[in-house]
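Let me begin by presenting the structure, written as structure tokens, before commenting on it.
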Amino acid sequence: MLFPSSWSDMILCVHGPHPLLAEEKIRRLSLGALAVNLSEQVMQPLSVTPFQEGPTPVLVEPTLESNPPQPRDPEEDLLCIAKTFSYLRESGWYWGCITASEAKQQLQKMPEGTFLVRDSTHPSYLFTLSVKTNRGPTNVRIEYADSKFRLDSNCLSKPRILAFPDVVSLIQHYVLSCTVDKSDAPYPPPVPLPPIQKEIAASAVHLKLIRPHSRKNSAPSLQHLCRLQINRSTAEADCLPLPKRMKDYLKQYPFQL
């Protein structure tokens, strides 16, 4: 059957399993190349243009980031975690694989500020800090990301939490922050808090790190005690008139606790 010539340029638009080109273009370009769900499907007839030979244009889709993040080297994480384990084993207050109940039992009769580090029972964390507070023993997970360790916190305060290359450096920072004498510091008078913030401050658990709780079966050796005293006296052990072997021993644990 012959159709009139005026019908020769008509195109029948039928929904198929794949979106039409016009619809796909709208989906890709909406919101800066982010895919969005259209409330109504767009169906438009494609105009018939004469075929022209020429080079096929190259379509470059815009990207959200001009410099995508580089993939991390797993070996870097392995070296960082291995160094942390080495420092913790030298410390004497790393209790390894004990439960939260066992840590609570160890800290229950200790003074406020006594702490230890143990393996975390949560699969997403490596270590947990157990500390005796004014309300009893509590636990704080230690988060690891991008070769840095920090105390676990909520999403709002996480950008303000300091990160450290190993767990012992993290613990030492908070210990020194709690033990430094602030009596002579020129602090301004405290600003009165609103009633809601007063209630939050009263119900908060104040975390103090004062002294580590060493394992009974791993009392520090005389060499380690001397090393701690040297580290507390100077931060430049390489400049001391000591044999190389002794300097290497000091570098194995460059901390004060």
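We're numbering straight along the sequence, starting at 1.
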Hey, does the side chain of Lys208 reach the backbone of Gly113 with a donor-acceptor pair shorter than 3.5 angstrom?
no
So, does Ser86 use its side chain to make a donor-acceptor pair with the main chain of Ala82 at under 3.5 Å?
no
Closest heavy-atom pair, Thr99 versus Glu102, reported as atoms and distance to 0.1 Å, is N-OE1, 3.0 Å
Separation between CG (Leu257) and CD1 (Ile210), nearest 0.5 Å, reads 12.5 Å
Quick one: sort the Tyr87 and Phe255 rings into parallel, tilted or perpendicular, breaks at 30° and 60°.
perpendicular
Hydrophobic cluster membership, Val175 vs Phe149, 4.5 Å side-chain cutoff
yes
Quick one: do the Asp77 and Tyr144 side chains pair a donor with an acceptor below 3.5 Å?
yes
Taking CD in Glu112 as the centre, count heavy atoms belonging to other residues, nucleotides or ligands within less than 6.0 Å. Is the count above 12?
yes
Where do Cys80 and Ser147 come nearest, in terms of heavy atoms and distance?
SG-O, 3.7 Å
Gap between atom CG of Leu170 and atom NZ of Lys148 - 0.5 Å precision
11.0 Å
Path from Tyr125 to Leu129 over hydrophobic side-chain contacts below 4.5 Å
no
Would a single hydrophobic cluster contain both Leu162 and Val131, if residues Ile, Leu, Val, Met, Phe, Trp and Tyr are joined by side-chain heavy-atom contacts under 4.5 Å?
yes
Keeping Arg232 on the side-chain end and Gln256 on the backbone end, is there a donor-acceptor pair under 3.5 Å?
yes
One should read off an interatomic distance between Leu79 CG and Glu76 CD, to the nearest 0.5 angstrom, of 8.0 Å
Does the Lys132 side chain pair with the main chain of Gln108, one donor and one acceptor, at a distance under 3.5 Å?
yes
Given side chains that start at C-beta, do those of Arg211 and Pro111 come closer than 4.5 Å, heavy atoms only?
yes
Passes side-chain contact (heavy atoms from CB on, under 4.5 Å), Arg118 versus Asn139? Steps please.
CA-CA 10 Å; Arg118 59 183 177 86; Asn139 301 285; 3.1 Å; yes
Please report the closest heavy-atom contact between Arg227 and Tyr249, naming both atoms and the distance.
NH1-O, 2.8 Å
Report the C-alpha distance between Tyr94 and Val167 in whole Å, list the side-chain angles of each, state the deciding distance to 0.1 Å, and finish with yes or no for side-chain contact (heavy atoms from CB on, under 4.5 Å).
CA-CA 10 Å; Tyr94 169 58; Val167 173; over 6 Å; no
I'd like to know if the side chain of Thr234 and the backbone of Ile230 have a donor-acceptor N/O pair within less than 3.5 Å.
no
Check: Phe164 and Gln172 side chains under 4.5 Å, non-hydrogen atoms:
no
Looking at Met246, I'd like to know if its CE atom is crowded, meaning that more than 12 non-hydrogen atoms belonging to other residues, nucleotides or ligands lie closer than 6.0 Å.
no
Cluster link Leu151 to Leu126, ILVMFWY, side chain under 4.5 Å:
yes
Closest heavy-atom pair, Gly96 versus Arg215, reported as atoms and distance to 0.1 Å, is N-NH1, 4.4 Å
If I compare all heavy atoms of Lys247 with all of Asp238, which pair ends up nearest, and what's the gap?
NZ-O, 2.8 Å
Output the distance between atom OH (Tyr253) and atom CG (Leu88), rounded to the nearest 0.5 Å.
8.0 Å
Minimum-distance pair of heavy atoms, taken over all atoms of Leu207 and Cys178
O-SG, 4.5 Å
Please determine whether side-chain contact (heavy atoms from CB on, under 4.5 Å) holds for the pair Gln106 and Trp95, giving the CA-CA distance in whole Å, both sets of side-chain angles, and the decisive distance to 0.1 Å.
CA-CA 10 Å; Gln106 292 292 332; Trp95 287 65; 3.4 Å; yes
The reported gap from NE2 in His224 to CG in Asn231 (rounded to nearest 0.5 angstrom) is 9.0 Å
Nearest 0.5 Å please: distance from the OG1 atom of Thr128 over to the CD1 atom of Ile142.
7.0 Å
Should Leu228 and Leu240 be regarded as members of a common hydrophobic cluster, given that ILVMFWY residues are connected when their side-chain heavy atoms come within less than 4.5 Å of each other, either directly or indirectly?
no
